[in-house]
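Note on naming: letters A, B, ... go to the chains in the order of the sequence lines (proteins, then strands), and numbering restarts at 1 for each one.
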Number of protein chains: 2
Amino acid sequence: MKGYLWTGGHGSPSNPDAPVIEGRLAPWEAIAVDAVGNVIEFWGFKRNQGRVWALLYLRGEPLTAGEIERELDLSKGGVSMLLRDLERWGVIQRVRLPQDTVWRYGAETDLVRMVRHVIEEREAGFVARIRADLAEARRLAEVAGQVPSDRLERLEKMATLAEHVERALRLFIKTSRLDVSGVLAVFRDGASRRNER
Amino acid sequence: MKGYLWTGGHGSPSNPDAPVIEGRLAPWEAIAVDAVGNVIEFWGFKRNQGRVWALLYLRGEPLTAGEIERELDLSKGGVSMLLRDLERWGVIQRVRLPQDTVWRYGAETDLVRMVRHVIEEREAGFVARIRADLAEARRLAEVAGQVPSDRLERLEKMATLAEHVERALRLFIKTSRLDVSGVLAVFRDGASRRNER
DNA sequence: GGTGCAGTTCAAGCGGTCTTGAACTATATG
DNA sequence: CATATAGTTCAAGACCGCTTGAACTGCACC
């Protein structure tokens, strides 16, 4: 969790040559951004994906890649990849302002959808494979013959357990969808609907 | 190094140059054991913790550390540490047979409890911290003054979201507890009651 | 064309985790 | 006590994913 290292510090002298636009995160922003980063990391994503989304969301208006790079102290290449991931997942949106020549990126409000989506995907592929493996093991054990029946039984139970865990997981996803949809509504009400395109 | 031969499909165990030197593990066992290893890794534990538990569970009778070492092709030290972890979590039991001089380890049936327990723990400390961070960010933002009100609003919403996600998570834990308790009963019925001491 | 900036790609490096293997302790046995 | 075997500890190193930074493409304007 290196993110917490620089929440206190970051005392780099403001570069006089840097573009005048606030080159640096406010402390409260840094904390919030890192908090989201930690959550997102917890869910199996990259910490910086969460930080980027959080920054965009907090700012409320689209930023350029360069701005993100400066604010979060990331590398150019890194920002590019992070933005691509986030865009692919539909949690940020790439916009080009009429008179402008550069892309800007704005946060969609449903980070949750991304988490849910990837969890679903992971779960789908992963749990399917586990079940397939256990089924295969069972098949092999039967074919091999001379496997004590109590061991076969235990194998069977293992498969049962896997199925139940899978069910619980699906239920969770459904649940969270329901529970969170209310929050999303809240998000949409606010004064943050300035997504020009 | 360690012959995790789980690379590539496992349709047939005829992996040409697989290091099957120790080879006591039947192919179906290897698959099942690895499947559990994957699940457990998915939940944030060490893969080999899952493999050890699975082996002990499938065998149904307590094994010595040396046997585990050979069957799973692990190092002496590694097995020692893995067993200690598992025992601490209460998912295996250390037993000493009457006439014997060495410790043996037997699987408890509730791997699920361990997973749930650790999830709960992680969740507790972790989510608490996130909430604290967001609260702190809010405080700082207010103190700092001159923060645009719409940004403050968004920060607020972020905290709300965090709370909802937390609720969903708690619900999941409760759910899985309910859903899985049925399975545990199934486990307990079977012919696997071997707790000699 | 040439210059400059935005954006992408990817090999190399970094940092964190897991495993190993040897040194060590503990315990039983002759 | 000497020996042997079981079990523990931990520094060193393997391993693996993330980030970096430089080379590259693409585009706009002069």
Side-chain angles (χ1 to χ4, degrees), chain A residues 1-6 17-19 21 34 37-38 40-53 62-88 92-105 118 122, chain B residues 1-7 19 21-22 34 37-38 40-53 62-88 92-105 118 122:
Chain A
M1 305 222 170
K2 65 184 168 190
Y4 281 106
L5 293 180
W6 63 286
D17 299 320
I21 331 163
D34 282 352
N38 288 334
I40 237 50
E41 186 178 36
F42 180 80
W43 286 108
F45 299 86
K46 293 185 197 168
R47 156 187 196 74
N48 281 329
Q49 287 166 351
R51 299 214 309 143
V52 168
W53 178 87
L63 301 186
T64 68
E67 284 162 349
I68 296 169
E69 185 185 332
R70 253 170 282 126
E71 299 285 13
L72 299 183
D73 193 22
L74 298 172
S75 67
K76 198 156 130 69
V79 169
S80 172
M81 289 186 297
L82 293 170
L83 288 175
R84 192 146 41 76
D85 293 340
L86 292 173
E87 195 188 358
R88 184 155 38 87
I92 68 173
Q93 201 178 11
R94 180 194 294 235
V95 298
R96 173 120 53 180
L97 300 186
Q99 80 289 3
D100 209 344
T101 170
V102 302
W103 287 109
R104 289 172 180 274
Y105 302 84
V118 176
R122 261 203 312 236
Chain B
M1 282 293 143
K2 55 248 148 204
Y4 297 159
L5 37 152
W6 84 299
T7 39
I21 314 156
E22 91 283 0
D34 282 352
N38 289 335
I40 236 50
E41 186 178 35
F42 180 80
W43 288 109
F45 300 86
K46 294 185 199 169
R47 160 187 192 71
N48 280 330
Q49 287 165 351
R51 299 213 310 146
V52 169
W53 178 85
L63 301 186
T64 68
E67 283 162 348
I68 296 168
E69 186 185 333
R70 249 170 286 123
E71 298 285 14
L72 299 183
D73 192 22
L74 298 172
S75 67
K76 197 157 129 76
V79 169
S80 172
M81 289 186 297
L82 293 171
L83 287 174
R84 193 146 40 76
D85 293 339
L86 292 173
E87 195 188 359
R88 183 155 40 87
I92 67 171
Q93 203 180 10
R94 180 193 294 236
V95 297
R96 176 122 46 185
L97 298 186
Q99 79 289 4
D100 209 343
T101 170
V102 302
W103 286 108
R104 288 173 181 274
Y105 302 85
V118 176
R122 260 202 313 236

Let me have a per-nucleotide readout for nucleotides 22-30 of chain C, 5' to 3', with B, S or -, counting only protein heavy atoms under 4.0 Å.
------S--
In whole Å, what is the span from the [atom1] atom of [X] to the [atom2] atom of [N]?
X: Arg70(A); N: dC5(C); atom1: CZ; atom2: P; value: 13 Å
X: Glu41(A); N: dG15(C); atom1: CD; atom2: P; value: 16 Å
X: Phe45(B); N: dT17(C); atom1: CZ; atom2: P; value: 16 Å
X: Leu63(A); N: dG7(C); atom1: CG; atom2: C1'; value: 16 Å
X: Asp85(B); N: dT17(C); atom1: CG; atom2: C1'; value: 14 Å
X: Arg47(B); N: dC18(C); atom1: CZ; atom2: P; value: 13 Å
X: Glu67(A); N: dA6(C); atom1: CD; atom2: C1'; value: 13 Å
X: Arg104(B); N: dG7(D); atom1: CZ; atom2: P; value: 10 Å

Choose from [options] the nucleotide whose nearest atom is closest to any side-chain atom of [X].
X: Ser80(B); options: dT8(D), dT20(D), dT8(C); value: dT8(D)
X: Leu74(B); options: dT19(D), dT20(C), dT9(C); value: dT20(C)
X: Arg84(A); options: dT9(D), dT9(C), dT20(C); value: dT9(C)
X: Lys46(A); options: dT19(D), dG7(C), dT19(C); value: dT19(D)

Checking Leu72(A) against Val52(A) for the side chain to side chain contact (heavy atoms under 4.5 Å, CB included) test, could you report, in this order, the C-alpha distance in whole Å, the side-chain angles of both residues, the deciding distance, and whether it holds?
CA-CA 8 Å; Leu72(A) 299 183; Val52(A) 168; 3.8 Å; yes
Worked check of side chain to side chain contact (heavy atoms under 4.5 Å, CB included) between Arg51(B) and Asp34(B):
CA-CA 6 Å; Arg51(B) 299 213 310 146; Asp34(B) 282 352; 2.9 Å; yes
Are OP1 or OP2 of dT19(C) and a side-chain N or O of Asn48(B) less than 4.0 angstrom apart?
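True: Asn48(B) side-chain N/O within range (under 4.0 Å) of dT19(C) OP1/OP2.
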Closest-nucleotide ordering on DNA chain C, the 5'-leading residue of Val102(A) and Met81(A):
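By nearest-heavy-atom nucleotide position, the 5'-most residue is Val102(A).
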First locate atom [atom1] of [X], then atom [atom2] of [Y], and finally report the distance between them rounded to the nearest 0.5 Å.
X: Leu82(A); Y: Arg47(A); atom1: CG; atom2: CZ; value: 12.0 Å
X: Leu83(B); Y: Leu63(B); atom1: CG; atom2: CG; value: 10.0 Å
X: Ile68(A); Y: Arg104(A); atom1: CD1; atom2: CZ; value: 10.0 Å
X: Glu69(A); Y: Thr64(A); atom1: CD; atom2: OG1; value: 9.0 Å

State which residues pass side chain to side chain donor-acceptor pair (under 3.5 Å) with Arg84(B); sequence neighbours excluded, sorted by chain then number.
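Arg84(B) satisfies side chain to side chain donor-acceptor pair (under 3.5 Å) with no residue once adjacent residues are dropped.
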